[in-house]
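What you see is a predicted model, and the numbers here were worked out from it, not measured in a lab.
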Amino acid sequence: MKLALIRAKYDPFGGAERFLNSAADALVAQGARPTIVTRAWPQSADAGIAHQIVNPRYFTSASRDRGFAHAACELLQTERFDLVQSYERLACCDVFHAVDGVHAEWLAQRRRVQTPMQKFGVRINPHHRYVLDAERRMYASSKLKAVICISQMVKRDVIKHYGVAADKLHVIYGSIDTDAFHPRLRDEHRLATKKQLGISADAPVAIYVGSGFERKGVRGFLQAAAKVNDLHAIVVGKDKNTTRYQAFANSLGLKDRAHFTGALADVRPYYAASDVFVMPSLYEPFGLVFAEAMACGLPVVASAQSGAADWIEHGVDSFVVDALDTAAIAKSVQAALADPGMGTRARAKVMPFTQAATGAQYAALYRQLLA
């Protein structure tokens, strides 16, 4: 059984690719031979994974995406696959895995914080226009057999914007390694990591993890942190405007309490140093970092625009608030700090989402599609 998995930019350690890798493992367990079709194969990727390079020349982001889509669909005409599962918006795929959510909804949420000029810029931006058109054509394609949604939120957004029949939409969550992400990390790393960052042993700590600070709500995180006495805020991730966010933190009086680490190969010691995880994203299809933090015994503060809200019972194991309500974010952080049992309940919530359970869901869907 030959199957194609299409991802233009493959990062073996990326959040979206963790969903892809789970699907690939499930396919292999079914006796399939998946091939990843991509623009480039990174040196850090597993050399044993079959892959094909499709990388036509381009000059803009829109021509890059359009060229890859055209070349990938041409490849599928010359090399036959039993099933084609895409992570890009292609009208030639059998299955779309919506790891990046719904672009139309992301733009709608983004407009909440944009000026009129910024909104106009998005409307005329060739890249956004291409993605919206590709998304529309894919969901209207008669070839599309199924959509794998990584949260109930994504499923709702697909129906809302494109009217896809509910029986085509299958919610399969990501898996979490609850042994690698575990509360015992606090005993191993908490004091050393706090010392490294210059945080006193008894100071409360909130952590954010993610790249792309505008979409994932770093501004709101810092504003909320400034409202909580003595709270230290750790920002893990990269962004081209990091210096601007550091200056913003200083303007809020967080000069000695905001810690920007950049991107990290292993964030677990920083979860261990923290008491609560906060990521008030404008739009987050799921966010496996929420699951990692919960597995480490941290209550989380998520936005209502995050797919991870599916896993949260507000006020019991974590909190769900509006992404722009910094007062509610701060209040939730204070409530989490005041309830030492909340982290235990948060970990219990993610325990069922094992790799075996996720693999079984993928396997059942593939058997159905290939029957």
Any salt bridge (charged side-chain N to carboxylate O under 4.0 Å, His left out) pairs touching [range], not counting sequence neighbours?
range: residues 297-324; value: Arg112-Asp322, Asp317-Lys349
range: residues 238-248; value: none
range: residues 333-342; value: Asp339-Arg345

Practice problem: Examine the side chains of Tyr173 and Gln361 and answer whether a donor and an acceptor come within less than 3.5 Å of each other. | Solution: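 Distance-only check fails for Tyr173 and Gln361.
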Tell me, do [X] and [Y] make a side-chain contact under 4.5 Å, heavy atoms counted?
X: Thr193; Y: Ile199; result: no
X: Leu144; Y: Tyr139; result: yes
X: Leu365; Y: Lys145; result: no

To the nearest 0.5 Å, tell me how far [X] [atom1] sits from [Y] [atom2].
X: Leu75; Y: Ile53; atom1: CG; atom2: CD1; answer: 11.0 Å
X: Ser151; Y: Asp157; atom1: OG; atom2: CG; answer: 7.5 Å
X: His189; Y: Cys296; atom1: NE2; atom2: SG; answer: 10.0 Å
X: Ile150; Y: Leu288; atom1: CD1; atom2: CG; answer: 7.0 Å
X: Thr326; Y: Gln223; atom1: OG1; atom2: CD; answer: 5.0 Å
X: Phe248; Y: Arg219; atom1: CZ; atom2: CZ; answer: 3.5 Å

Self-check item: Pairs satisfying side-chain hydrogen bond (donor to acceptor under 3.5 Å, both in side chains), at least one member in residues 226-236, at least two apart
Solution: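 side-chain hydrogen bond (donor to acceptor under 3.5 Å, both in side chains) check on residues 226-236 returns His232-His259.
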Quiz item: Of the non-hydrogen atoms in Gly174 and Phe353, which two are nearest, and what is the gap between them?
Solution: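 Heavy atoms of Gly174 and Phe353 come nearest at O-CB, 4.0 Å.
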Quiz item: Is it true that Lys194 and Asp202 make a salt bridge, defined as a side-chain N closer than 4.0 Å to a carboxylate O?
Solution: no
Quiz prompt | Salt-bridge present (Arg129, Asp133; N to O < 4.0 Å) | solution = no
Quiz item: Which is it for Met279 and Val289 under the side-chain contact (heavy atoms from CB on, under 4.5 Å) test, yes or no, and what are the steps along the way?
Solution: CA-CA 9 Å; Met279 193 166 79; Val289 288; 3.8 Å; yes
Quiz prompt | Near-ring test Phe277/Phe290, centroid separation under 6.0 angstrom | solution =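 Between Phe290 and Phe277, the centre distance is under 6.0 Å.
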Exercise. For the pair Tyr362 and His97, evaluate ring-ring contact (aromatic ring centres under 6.0 Å, His included) and give the outcome as yes or no after the intermediate values.
Key: CA-CA 11 Å; Tyr362 282 121; His97 200 165; 5.8 Å; yes
Given [X], which of [options] fulfils the side chain to side chain contact (heavy atoms under 4.5 Å, CB included) condition?
X: Glu105; options: Lys160, Met153, Gln305; answer: Lys160
X: Val95; options: Leu369, Val147, Leu5; answer: Leu369
X: Leu76; options: Val84, Leu90, Val37; answer: Val84

Look at the side chain of [X] and the backbone N and O of [Y], then say whether any donor-acceptor pair between them is shorter than 3.5 Å.
X: Ser306; Y: Ala309; result: no
X: Arg257; Y: Leu231; result: yes
X: Thr38; Y: Arg7; result: yes
X: Ser63; Y: Thr60; result: yes
X: Ser274; Y: Val276; result: no
X: Ser303; Y: Ser281; result: yes
X: Ser141; Y: Lys143; result: yes

List the residues meeting salt bridge (charged side-chain N to carboxylate O under 4.0 Å, His left out) with [X], not counting sequence neighbours, and say none if there are none.
X: Arg215; value: Glu284
X: Arg89; value: Glu135
X: Glu79; value: Lys2
X: Lys119; value: none

Quiz item: For Val278 and Ile207, what are the C-alpha separation, side-chain angles and deciding distance, and is it a side-chain contact (heavy atoms from CB on, under 4.5 Å)?
Solution: CA-CA 6 Å; Val278 183; Ile207 186 171; over 6 Å; no
Self-check item: For Phe221, ring-ring contact (aromatic ring centres under 6.0 Å, His included) partners two or more places apart
Solution: none
Quiz item: Taking only residues two or more places apart in sequence or in another chain, which ones pass ring-ring contact (aromatic ring centres under 6.0 Å, His included) with Tyr58?
Solution: none
Do any side-chain atoms of residues 263-271 form donor-acceptor pairs under 3.5 angstrom with protein atoms, and if so which ones, sequence neighbours left out?
| residue | atom | partner | partner atom | Å |
| --- | --- | --- | --- | --- |
| Asp266 | OD1 | Arg268 | N | 3.1 |
| Asp266 | OD1 | Arg268 | NE | 3.0 |
| Asp266 | OD2 | Arg268 | NH2 | 3.2 |
| Arg268 | NH1 | Ala180 | O | 3.3 |
| Tyr270 | OH | Gln196 | NE2 | 2.9 |
| Tyr271 | OH | Glu292 | OE1 | 2.8 |

Practice problem: Kindly determine whether Glu214 and Arg110 satisfy salt bridge (Lys or Arg N to Asp or Glu O under 4.0 Å), including the steps that lead there. | Solution: CA-CA 9 Å; Glu214 178 196 22; Arg110 192 181 184 189; 3.5 Å; yes
Exercise. Tell me whether the guanidinium CZ or amine NZ of Arg136 lies under 6.0 angstrom from the six-membered ring centre of Tyr162 and within 45° of its axis.
Key: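 Judged by the rule, Arg136 and Tyr162 form no cation-pi pair.
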Output side-chain donor-acceptor pairs under 3.5 Å for residues 330-338, partner residues at least two apart or in another chain, one line each.
| residue | atom | partner | partner atom | Å |
| --- | --- | --- | --- | --- |
| Ser332 | OG | Ala328 | O | 2.9 |

Quiz item: Trp106 vs Tyr283 aromatic rings, parallel, tilted or perpendicular, using cut-offs 30° and 60°?
Solution: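 The arrangement is parallel - the two ring planes meet at less than 30°.
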Practice problem: Could you check whether the rings of Trp41 and Tyr10 sit parallel, tilted or perpendicular, using 30° and 60° as the cut-offs? | Solution: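 The arrangement is parallel - the two ring planes meet at less than 30°.
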Exercise. For side-chain contact (heavy atoms from CB on, under 4.5 Å), just list the numbers for Asp275 and Arg186, CA-CA rounded to whole Å, side-chain angles, deciding distance to a tenth of an Å, and then say yes or no.
Key: CA-CA 10 Å; Asp275 303 291; Arg186 296 169 70 88; 3.8 Å; yes
Quiz item: Are Leu185 and Ile234 connected in the hydrophobic side-chain network, where two residues link if heavy atoms are under 4.5 Å apart?
Solution: no
Exercise. Report the C-alpha distance between His182 and Arg347 in whole Å, list the side-chain angles of each, state the deciding distance to 0.1 Å, and finish with yes or no for side-chain contact (heavy atoms from CB on, under 4.5 Å).
Key: CA-CA 8 Å; His182 195 282; Arg347 176 172 168 81; 3.1 Å; yes
